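Report on the structure given below.
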There are 2 protein chains.
Amino acid sequence: MSSATNRRDRARLPGPERRRQILDVTTRLVAERGFWGLSMQDVADGCGLTVPGLLHHVGSKDGLLVAVLEHRDAEDGRSLAAQLGLRPPEPADWTALARTPGVDLRRVCAALVRRNATQPEIVRLFAVLEAESLAPDHPAHDYFADRQAKTLDVFTELARPLCDDPRTLARQAVAMMDGLQIQWLRAPAETDLVDAWDAAAATLFGRPR
Amino acid sequence: MSSATNRRDRARLPGPERRRQILDVTTRLVAERGFWGLSMQDVADGCGLTVPGLLHHVGSKDGLLVAVLEHRDAEDGRSLAAQLGLRPPEPADWTALARTPGVDLRRVCAALVRRNATQPEIVRLFAVLEAESLAPDHPAHDYFADRQAKTLDVFTELARPLCDDPRTLARQAVAMMDGLQIQWLRAPAETDLVDAWDAAAATLFGRPR
DNA sequence: GTCTATAGGACGATAGAC
DNA sequence: GTCTATCGTCCTATAGAC
């Protein structure tokens, strides 16, 4: 018994693994409590660390949140690109979607919803932060303001082939996704997110293809 | 200078006025910070009270939140009843709407949106708490679970005359309202809530009347 | 109905040893 | 990379005087 957990059950993980662990634990806790309700103590406990040990990795509580959001963006970009069959080199660039032939708003939304349905925790993270960050002094305020603007722009481009007023359709698609996700999170037993979205897509985009 | 503010600028308000002041200040602060981010000290300061003075009125921090939510429900019930021309005696009973001739989901949503557009602060209060209260141990968790269930039921009844699948339409109407409100709160300059809703109503319910 | 005083924690962050 | 120790601040709530 010499190799693993050799000092009081506190594993001394290599840097990258420790970082991933911190991001995972934080994601879960922020989804539950929001940023104002998050305590560094809880995160540290969840990682088997002390608070100063945790701060060594992330600098500050604000820094922790930023790290989580950046990590999620990277993951989501990769997943979406993979689902839509894009080439891996530049996965993080949402904007590229709008210029990819054969990809329209309907397909992108369907892909997003299907991915989201498999990870309620992440959806909840964004739902909570989206509301909390309306406050101008919230550490993620600018991040979410940019995100909404960028999402609406890309969705508008994607909606252009589908209707006369793509901006309005983009707005409605975003609103519907956000709203259905909240209902699903509150009553997961009653609601199937994919079914609810497919019905909504029929309303938004017209009957199937 | 004997009647008002006679002791260190701290007005000794009569009970009901003080209560209203507390609820107003709390509403504003919860809308900004959520419940986890709310501090009794800030509420007390905003009322010109000490913290124990504040606690005398509301009992506890949880009690304060409950008081705010109950107060809002009462006000909203009154307003909606007035806008739809119902008799005042029983304004708080949402359920009655479903049995009122000439009232359907389209009209009720239009009335709700038009009222909400005049009070962004209240809309934000609900948006923030709706997300925060997804956590099972949040003091408003049960309140919002009930609220969502009840709203969906009433909306379903109201949608019955309009389509074949009223439950689905009800879900979509709720989702769309919630989602458009978030977008409006984040970028009030770019979005007019009433316009956005009227466009969405055309999508959801079909072209005008 | 409002105060002073205070209990009793939890919080985020820093300094410095190992 | 992680620790111990500690600082200073903020928090909700209670007890009891006025």
Side-chain angles (χ1 to χ4, degrees), chain A residues 2-26 29-30 32-68 132 135 137-140, chain B residues 2-26 29-30 32-68 132 135 137-140:
Chain A
S2 67
S3 66
T5 67
N6 50 357
R7 290 213 339 184
R8 14 175 129 169
D9 288 357
R10 299 217 157 137
R12 189 152 182 154
L13 299 179
E17 275 186 47
R18 179 62 91 190
R19 188 177 171 81
R20 166 168 294 265
Q21 180 194 32
I22 291 173
L23 295 180
D24 284 352
V25 170
T26 306
L29 289 176
V30 173
E32 273 170 21
R33 320 281 298 190
F35 179 77
W36 304 124
L38 177 73
S39 125
M40 296 297 273
Q41 183 70 64
D42 290 347
V43 178
D45 289 352
C47 298
L49 276 179
T50 59
V51 173
L54 169 61
L55 283 168
H56 166 77
H57 288 280
V58 297
S60 70
K61 192 184 172 185
D62 285 18
L64 179 54
L65 182 61
V66 168
V68 166
E132 214 181 24
D137 63 335
H138 191 284
Chain B
S2 68
S3 65
T5 68
N6 50 358
R7 288 210 344 178
R8 12 173 133 170
D9 288 357
R10 299 217 157 137
R12 188 151 182 155
L13 299 178
E17 276 186 47
R18 178 64 88 190
R19 186 174 174 82
R20 166 167 295 262
Q21 180 196 29
I22 290 172
L23 295 180
D24 285 351
V25 170
T26 305
L29 289 177
V30 173
E32 273 169 22
R33 320 281 300 190
F35 179 76
W36 304 123
L38 178 72
S39 129
M40 297 297 273
Q41 184 69 65
D42 289 348
V43 178
D45 289 352
C47 299
L49 276 178
T50 59
V51 173
L54 168 62
L55 283 167
H56 166 77
H57 289 280
V58 298
S60 70
K61 193 184 171 184
D62 285 18
L64 179 54
L65 183 61
V66 170
V68 166
E132 213 181 23
D137 63 335
H138 191 283

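Computed from a prediction, not measured in an experiment: that's the story for all the values here. In what follows, chains carry the letters A, B, and so on, assigned in the order in which the sequence lines appear, proteins first and then strands, with residues in each chain numbered from 1.
- In this structure, CE of B:Met40 is placed 18 Å from C1' of C:dC11, rounded to the nearest angstrom.
- When rounded to the nearest whole Å, the span between CG of A:Leu54 and C1' of C:dT14 equals 14 Å.
- Taking only side-chain atoms of A:Lys61, from C-beta outward, the nucleotide of C:dT2, D:dT2, C:dA13 with the closest atom is C:dA13.
- Residue B:Arg19 contributes atom CZ, which lies 17 Å from atom C1' of C:dT2 at whole-angstrom precision.
- Counting all heavy atoms, side chain and backbone alike, B:Val25 lies closest to B:Val43 at CG1-O, 3.9 Å.
- Rounding to the nearest 0.5 angstrom, the gap separating the OG1 atom in B:Thr26 from the CE atom in B:Met40 is 7.5 Å.
- One finds a side-chain N or O of B:His57 lying less than 4.0 angstrom from the OP1 or OP2 phosphate oxygen of C:dT2.
- Of the possible donor and acceptor atoms, one in the side chain of B:Arg18 sits under 3.5 Å from a partner among the backbone N and O of B:Cys47.
- In this structure, B:Phe35 and B:Glu132 approach most closely via the heavy-atom pair N-OE1, 2.8 Å.
- In this structure, the nucleotide among C:dT2, D:dT14, C:dT14 sitting nearest to the side chain of A:Leu55 is C:dT14.
- Considering only side-chain atoms of A:Pro52, the nucleotide from C:dT4, C:dA15, C:dG12 that sits closest is C:dA15.
- A sub-4.0 Å separation between OP1 or OP2 of C:dT2 and a side-chain N or O of B:His56 is absent.
- Nearest nucleotide to the side chain of A:Gln41, out of C:dC11, C:dT2, C:dA5: C:dC11.
- The separation between B:Asp62 atom CG and D:dC11 atom P is 16 Å, rounded to whole Å.
- The side chain of B:Thr50 places no N or O atom within less than 4.0 Å of a non-bridging phosphate oxygen (OP1 or OP2) of C:dT2.
- D:dC10 atom C1' lies 16 Å from atom CG of B:Leu29, rounded to whole Å.
- The CH2-C1' distance, from B:Trp36 to D:dC11, rounds to 14 Å in whole Å.
- Taking atom CD of B:Gln21 as the reference point, atom P of C:dG1 lies 14 Å away to the nearest angstrom.
- A straight line from CZ of B:Arg33 to P of D:dC10 spans 13 Å, rounded to a whole angstrom.
- Nearest approach of A:Lys61 to A:Trp36, heavy atoms of both residues: NZ-O, 4.1 Å.
- When heavy atoms are screened at a 4.0 angstrom cut-off, A:Leu38 is found touching the sugar-phosphate backbone but no base atom.
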